Amino acid sequence: MTRPTPRTPGAELPKHPTHLWNSPEPRRHYDVVVVGGGGHGLATAYYLVKNHGITDVAVIERGWLAGGNMARNTTIIRSNYLWDESSNFYDHALDLWEGLEDDLEYPILFSQRGVLNLAHTLQDVRDSRRRVEANRLNRVDAEWVDADGVKEICPIVNTSDDIRYPVLGATYQPSAGIAKHDYVAWGFARKAAEAGVHLIQDTQVTGFLTEGDRVTGVRTSRGDIGAGRVALAAAGRTATLTDELGIRIPIQSHPLQALVSELLEPVHPTVVMSNAVHVYVSQAHKGELVMGAGVDAFNGFGQRGPFHIIERQMAAAVELFPVFARAHLLRTWGGVVDVTPDASPIVGLTPYENLFLNCGWGTGGFKATPGIGDTFAHTVATGTPHPLVAPFALDRFVSGRLVDEHGAAAVAH
Amino acid sequence: MQLIDCPWCGPREENEFGYGGEAHIAYPENPAELDDTEWAHYVFFRDNPQGAFAERWVHTVGCRRWFNAVRDTVTYRFLAVYPIGAPRPDVPVLAPRASAPAAASPDHDAHAVAALEPTDAR
């Protein structure tokens, strides 16, 4: 019998490119200034070029490109949200993900390996089945699978009935998956830079220049920069910026921790999430188990969180996946997520006619990346909210038309 | 894990506590007079500062009593702990307490020193 050839983890990953974009000196004025050089800011710049022919654009980032939550998330992509507003938006994003590698002419390692959202109680089962039916009405590929079905899709899940939170079944979205977050950011940045977009790093936006009900530019740590339109994509720091304009944003910033194990042979074929026991797991292309938790309870901007959250997350992971018990933890980290009262994002217009909002994605911003880039660019370019993001306007907190996605957000907020 | 100085029980580990968000949000004095915007701001809108933040905590697995704290949201250090109903203190005030643990170990030592300063056990 021949032994299988040893597999080198990561061998199939594309090599890192030596050069992706320039670091230009900022000009004194741009048609559009995008505040925040994360996935959303870069994608917005890309679609401003691609769909609207607007190339006089600067993306201003206080640190380095995609060094915030884009570098800290668990890379899960899915569209199995409950409400029409959300599933329509995220499904549009998923459509774009499917063509993104060709579009960017850059590898993003989008892998549609499916996602299971586990149900552990009778009420979970009812809620899950309701979500599956709602998804199907929105043409999202969702199905209900029982515990045996879970075992078939992901054999390492513990489906025995003698654990504290037994797996009673799951919703399954086969078209969901993961992508390589760094490559996604680099792909957008490279294409935008090629088209003439200025990617300006190490430059903090500290405020705005205004004239009546218009914003005329941004104040930055490298001087004032004029802007025809300003698009905010600064996540949890948005409210800090808009406070001085008298625009209050209902965001609370929380740490959200994640971690990876050492590299392992392929053992985990899909993505498994559990809202009830606060862990979600996939296996990265190189072989690390990537796991996330629920958000830490307190407000925090420290990009780290308390250890007991990790301890709980590990306890849940080992109960659900006994095979992980001897895996070594390689590293842990925290991101800062901007959580809104209804766990849905805030996108759209502001009282300043040329200032546009994009924030409040909480724990779910990565999966939205091409979708928000496309729809936010439309909103900024036309001055009219794209129909897919119109329901997510700031005024919903006054009108009461909330898009309450605490359940389908899949992470306890 | 950070120690939090419960005003009634003394320093206890962070996972004994629950979080209640921003403190000092007063129920409207004349609720019938509020319009939708004012209600929205009372119900949904909270401050989100990077730095000192007055917030509510509850000692869930101890005395089960609520209290207020001023905490730095960047370093996570508690700058002050004070009872519900008391005004927000201007400056960090963590008075040394009679129940502070004796300096029996390096950790306790560090805490006894830190009792005058913000607590930080991380």
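All values derive from a computational prediction rather than experimental measurement. Every chain is numbered from 1, with letters handed out A, B, ... down the list of sequences.
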- Name the region of A:Ile249, side chain, backbone, both or neither, that has any atom closer than 4.5 Å to a heavy atom of chain B. backbone
- Considering only heavy atoms, which portion of A:Leu402 lies under 4.5 Å from any heavy atom of chain B: side chain, backbone, both, or neither? side chain
Quick one: which of [options] has the most heavy-atom pairs under 4.5 Å with chain A, could you say?
options	value
B:Trp39, B:Tyr19, B:Trp57	B:Tyr19
B:Thr37, B:Asp72, B:Val43	B:Thr37
B:Asp47, B:Asp36, B:Asn48, B:Thr73	B:Asn48

- Note on the structure: In terms of heavy-atom pairs under 4.5 Å with chain B, the winner among A:Pro255, A:Gly236, A:Ala239, A:Ser253 is A:Ser253
- Task: Report the distance from atom CZ of B:Phe17 to atom SG of B:Cys9, rounding to the nearest 0.5 Å.
- Result: 7.0 Å
- Query: Is it the backbone or the side chain of B:Phe53 that comes under 4.5 Å from a heavy atom of chain A, or both, or neither?
  - Reply: side chain
- Can you find a side-chain donor-acceptor pair between A:Gln303 and A:Arg72 that sits under 3.5 Å? yes
- For A:Phe324 against A:Met291, the heavy-atom pair lying closest together: CD1-CE, 3.7 Å
- Task: Check each of A:Asn358, A:Val59, A:Leu232 against A:Val34 using the side chain to side chain contact (heavy atoms under 4.5 Å, CB included) test, and report the only one that passes.
- Result: A:Val59
- In this structure, which one of B:Arg46, B:Arg88, B:Arg71 forms a salt bridge (charged side-chain N to carboxylate O under 4.0 Å, His left out) with B:Glu55? B:Arg71
